[in-house]
Student: 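Here it is, the structure in full.
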Amino acid sequence: QVQLMESGGGLVQPGGSLRLSCAASGSIYSIYRMEWHRQVPGKQRELVAAEWRSGKKTYAETVKGRFTIYRENVKNMVYLEMNSLKPEEPAVYYCRSDGDARGTDFGPWGQGTLVIVSS
């Protein structure tokens, strides 16, 4: 299975934008679904965005309209474009692969990338 490495996090002001990157160690062309998750310290990790191999996308209601996920299969990359970031959204962001439609073939977590939203 493909190993993933997140990057692009940092400090951003409320209302600002940031693009996160997820680099895969191998081809992601055949991976059923690619996901972005985030975790606030002390809280449960949550799914924020996903894109299926077909190009279909889904988002958590809390980020819909502000975040965009897109996968560039040729480059073995997955991105998360985040706009209008809120102070309550500092978190470590992770990407993950989902190998099948049953949700039983998840890839390993990477180290994550930290996003801090503050003035």
Student: Output the distance between atom CG (Asp98) and atom CZ (Phe106), rounded to the nearest 0.5 Å.
Tutor: 4.5 Å

Student: Mind listing the closest non-hydrogen atom pair of Tyr32 and Arg71 along with its distance?
Tutor: O-NH1, 4.0 Å

Student: Going through the distances and angles, do Met82 and Tyr93 end up as a side-chain contact (heavy atoms from CB on, under 4.5 Å)?
Tutor: CA-CA 11 Å; Met82 305 182 294; Tyr93 285 75; 3.8 Å; yes

Student: Restricting to non-hydrogen atoms, name the atom on Thr113 and the atom on Gly8 that form the minimum distance, rounded to 0.1 Å.
Tutor: OG1-N, 3.8 Å

Student: So if you build clusters from Ile, Leu, Val, Met, Phe, Trp, Tyr with side-chain heavy-atom gaps below 4.5 Å, do Val2 and Leu20 land together?
Tutor: yes

Student: Shortest non-hydrogen contact from Leu47 to Ala60?
Tutor: O-CB, 3.6 Å

Student: To the nearest 0.5 Å, what is the distance between CZ (Phe67) and CH2 (Trp36)?
Tutor: 11.0 Å

Student: Pair Asn76, Tyr29 - check side-chain contact (heavy atoms from CB on, under 4.5 Å), show working.
Tutor: CA-CA 8 Å; Asn76 298 326; Tyr29 179 80; over 6 Å; no

Student: Hey, could you give me the SG/CE distance between Cys22 and Met77, rounded to the nearest 0.5 Å?
Tutor: 7.5 Å

Student: Quick one: are Leu85 and Leu18 in side-chain contact, heavy atoms under 4.5 Å?
Tutor: yes

Student: Return the minimal non-hydrogen interatomic distance between Lys57 and Ile69, and the atom names on each side.
Tutor: NZ-O, 2.8 Å

Student: Applying side-chain hydrogen bond (donor to acceptor under 3.5 Å, both in side chains) between Gln39 and each of Gln44, Arg45, Glu46, report the one that passes.
Tutor: Arg45

Student: Mind checking the OG-NZ spacing from Ser84 to Lys86? Nearest 0.5 Å is all I need.
Tutor: 8.5 Å

Student: Could you grab the distance from atom CE of Met5 to atom OG of Ser25, nearest 0.5 Å is fine?
Tutor: 9.5 Å

Student: Taking all heavy atoms of Ser118 and all of Leu11, pick out the closest pair and write down the distance.
Tutor: CB-CD1, 4.1 Å

Student: Assess whether side-chain contact (heavy atoms from CB on, under 4.5 Å) is satisfied between Thr58 and Arg33, documenting all intermediate values.
Tutor: CA-CA 11 Å; Thr58 190; Arg33 195 172 91 154; 4.3 Å; yes

Student: Assess Arg38 against Tyr94: is NZ or CZ under 6.0 Å from the centre of the six-membered ring, and within 45 degrees of the ring's axis?
Tutor: no

Student: Is there a donor-acceptor contact under 3.5 Å from the side chain of Glu35 to the main chain of Ser97?
Tutor: no

Student: Distance-only, no hydrogens or angles: does the Gln13 side chain make a donor-acceptor pair with backbone N or O of Ser119 under 3.5 Å?
Tutor: no

Student: Establish whether Val63 and Tyr79 are linked, either directly or via other cluster members, by ILVMFWY side-chain heavy-atom contacts under 4.5 Å.
Tutor: no

Student: Let me confirm one number: the CD1-NZ distance from Ile28 to Lys75, rounded to the nearest 0.5 Å.
Tutor: 12.0 Å

Student: Apply salt bridge (Lys or Arg N to Asp or Glu O under 4.0 Å) to Asp105 and list each qualifying residue two or more places apart in sequence or on a separate chain.
Tutor: none

Student: Is Arg66 paired with Glu89 through a side-chain N to carboxylate O contact shorter than 4.0 Å?
Tutor: yes

Student: Are the side chain of Arg96 and the backbone N or O of His37 linked by a donor-acceptor pair below 3.5 Å?
Tutor: no

Student: Over all heavy atoms of both residues, which pair between Ile31 and Ser27 is shortest? Give the atoms and the distance, please.
Tutor: CD1-O, 4.2 Å

Student: Apply the test side-chain contact (heavy atoms from CB on, under 4.5 Å) to residues Val78 and Cys95: give CA-CA distance (whole Å), side-chain angles for both, the deciding distance (0.1 Å), then the verdict.
Tutor: CA-CA 8 Å; Val78 185; Cys95 61; 5.7 Å; no

